[in-house]
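Presented below is the structure to which this report refers.
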Protein chains: 2
Amino acid sequence: MDTYQVDDGWEALGDRTRRAIIECLAERPRAVGELAAQLPVSRPAVSQHLKVLKDAGLVIEHAAGTRRIYRLNPAGVGALRDQLDTFWNRALTAYKGVVEQPVEERT
Amino acid sequence: MDTYQVDDGWEALGDRTRRAIIECLAERPRAVGELAAQLPVSRPAVSQHLKVLKDAGLVIEHAAGTRRIYRLNPAGVGALRDQLDTFWNRALTAYKGVVEQPVEERT
DNA sequence: ACGAACGGTAAGCTACTCCTTACCATCGGC
DNA sequence: GCCGATGGTAAGGAGTAGCTTACCGTTCGT
């Protein structure tokens with residue numbers, strides 16, 4: 001159940017519309033049409049994005065009558081979180097070694 | 001010191017080559033040529049990717065002789081981590097709610 | 001001061017991503 | 001059995017992202 005390609009997860013989140021979908025689903029599970037109603041793209045576009053997100057393991061869908069309810073998949077999101085956590089910790093470690101000079105954060 | 005567009009961060013990580021760069025930099029800071037030597041793309045390509053990563057606030061560079069050393073920027077990576085954390089927590093919460101209550105409630 | 005190392009930028013091409021419209025399949029209510 | 005609602009899929013096109021080669025500026029060593 002972890003077997004998702006984490007890479008796919010990152011690529012899935014690389015798209016702005018898909019991130020918007022993720023944010024919507026973070027609030028609560030929703031049907032496809034409901035998502036499309038709140039996004040600036042057509043319903044088929046949402047369908048396509050949902051397919052990508054599902055393949056990446058970031059969302060789960062289940063049928064409910066004629067509708068399909070999508071919601072976030074904690075496992076998938078958690079996998080990305082863990083990987084980012086690793087980068088973050090290593091960055092902090094490396095940062096410590098160089099702290100002696102006042103880094104100009106931006107530009 | 002933050003004020004990075006988090007969206008830019010996600011889009012930056014959406015590319016496979018850039019993620020490879022991030023992974024390299026997570027190990028230790030490196031120069032441009034050094035990165036290019038370990039990647040399947042040319043040095044100019046690496047330069048372009050580094051520019052994107054820098055604009056997104058994910059890496060910091062400083063000159064060292066004729067070389068430019070790049071390293072991860074904990075602040076930028078941390079910002080993404082926080083946002084992903086939020087999604088993750090909400091996903092867990094929503095998951096709980098669904099398990100306890102039938103989903104028919106809200107559409 | 002000259003040459004070599006290092007790296008950023010310009011220009012151009014290929015390929016892919018994302019969107020739209022049109023169509024079809026499925027489910028539920030009457 | 002029909003009809004409306006819902007949503008997945010196909011086909012096609014516009015825009016852009018990423019790579020390469022070529023070129024130029026800067027810095028260090030001698």
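What you see is a predicted model; the values in this text were computed from it and never measured. Proteins get letters first, then strands, A, B, ... in listed order; numbering begins at 1 in each.
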Any side-chain N or O of [X] less than 4.0 Å from the OP1 or OP2 oxygen of [N]?
X	N	value
Arg43(B)	dT21(D)	no
Thr17(B)	dC19(D)	yes
Ser47(B)	dG8(C)	yes
Tyr70(A)	dG8(D)	yes

Gap between atoms [atom1] and [atom2], on [X] and [N] respectively (whole Å):
X	N	atom1	atom2	value
Arg67(A)	dG29(C)	CZ	P	11 Å
Glu11(B)	dT17(C)	CD	P	15 Å
Ile69(A)	dT6(D)	CD1	P	11 Å
Lys51(A)	dC19(C)	NZ	P	16 Å
Arg19(B)	dA17(D)	CZ	P	16 Å
Glu61(B)	dT26(D)	CD	P	15 Å
Leu50(B)	dC19(D)	CG	P	12 Å
His49(A)	dT9(D)	NE2	P	15 Å

task: Have a look at His49(B) and tell me which of Arg19(B), Arg18(B), Lys54(B) forms a side-chain hydrogen bond (donor to acceptor under 3.5 Å, both in side chains) with it.
output: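 For His49(B), the side-chain hydrogen bond (donor to acceptor under 3.5 Å, both in side chains) test succeeds with only one of Arg19(B), Arg18(B), Lys54(B), which is Arg18(B).
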message: Mind checking if Ala63(B) touches a base, just sugar-phosphate, or nothing, with heavy atoms under 4.0 Å?
response: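 The answer is nothing, as Ala63(B) stays clear of every strand by at least 4.0 Å.
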message: Using a 4.0 Å heavy-atom cut-off, does Arg16(A) contact any base of the nucleic acid, only the sugar-phosphate backbone, or nothing at all?
response: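 Contact class for Arg16(A): none.
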field: Comparing Thr66(B) and Gly14(A) on DNA chain C - which has the more 5′ nearest nucleotide
entry: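 Taking each residue's closest nucleotide, the earlier one in sequence belongs to Thr66(B).
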task: Would you mind telling me which residue lines up with the more 5' stretch of DNA chain C, Glu34(B) or Val41(A), judged by nearest nucleotide?
output: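 Final value for this comparison: Glu34(B).
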So do the side chains of [X] and [Y] get within less than 4.5 Å of each other, counting heavy atoms only?
X	Y	result
Val59(B)	Leu72(B)	yes
Leu92(A)	Val77(B)	no
Val52(A)	Gln48(A)	no

Side chain of [X] only, please: which of [options] is the nearest?
X	options	answer
Ser42(B)	dG7(C), dT9(D), dT20(D)	dT20(D)
Asp15(A)	dT9(C), dC18(C), dT20(D)	dC18(C)
Ala45(B)	dG28(C), dT20(D), dT9(D)	dT20(D)
Gln48(A)	dC19(D), dT20(C), dT6(D)	dT20(C)
Val32(A)	dG7(D), dC28(D), dT20(C)	dG7(D)

message: Keeping Trp10(B) on the side-chain end and Asp15(A) on the backbone end, is there a donor-acceptor pair under 3.5 Å?
response: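 Side chain of Trp10(B) to backbone of Asp15(A), a donor-acceptor pair under 3.5 Å: no, none is there.
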- prompt: Less than 3.5 Å between a donor and an acceptor, one on the side chain of Arg68(A) and one on the base of dG7(D), is that the case here?
  reply: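 Such a pair does not exist between side chain and base.
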Test applied, salt bridge (charged side-chain N to carboxylate O under 4.0 Å, His left out); reference residue, Glu34(B); option that passes from Arg28(B), Arg67(B), Arg43(B):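 Going through Arg28(B), Arg67(B), Arg43(B) one by one, the salt bridge (charged side-chain N to carboxylate O under 4.0 Å, His left out) with Glu34(B) is satisfied by Arg28(B) alone.
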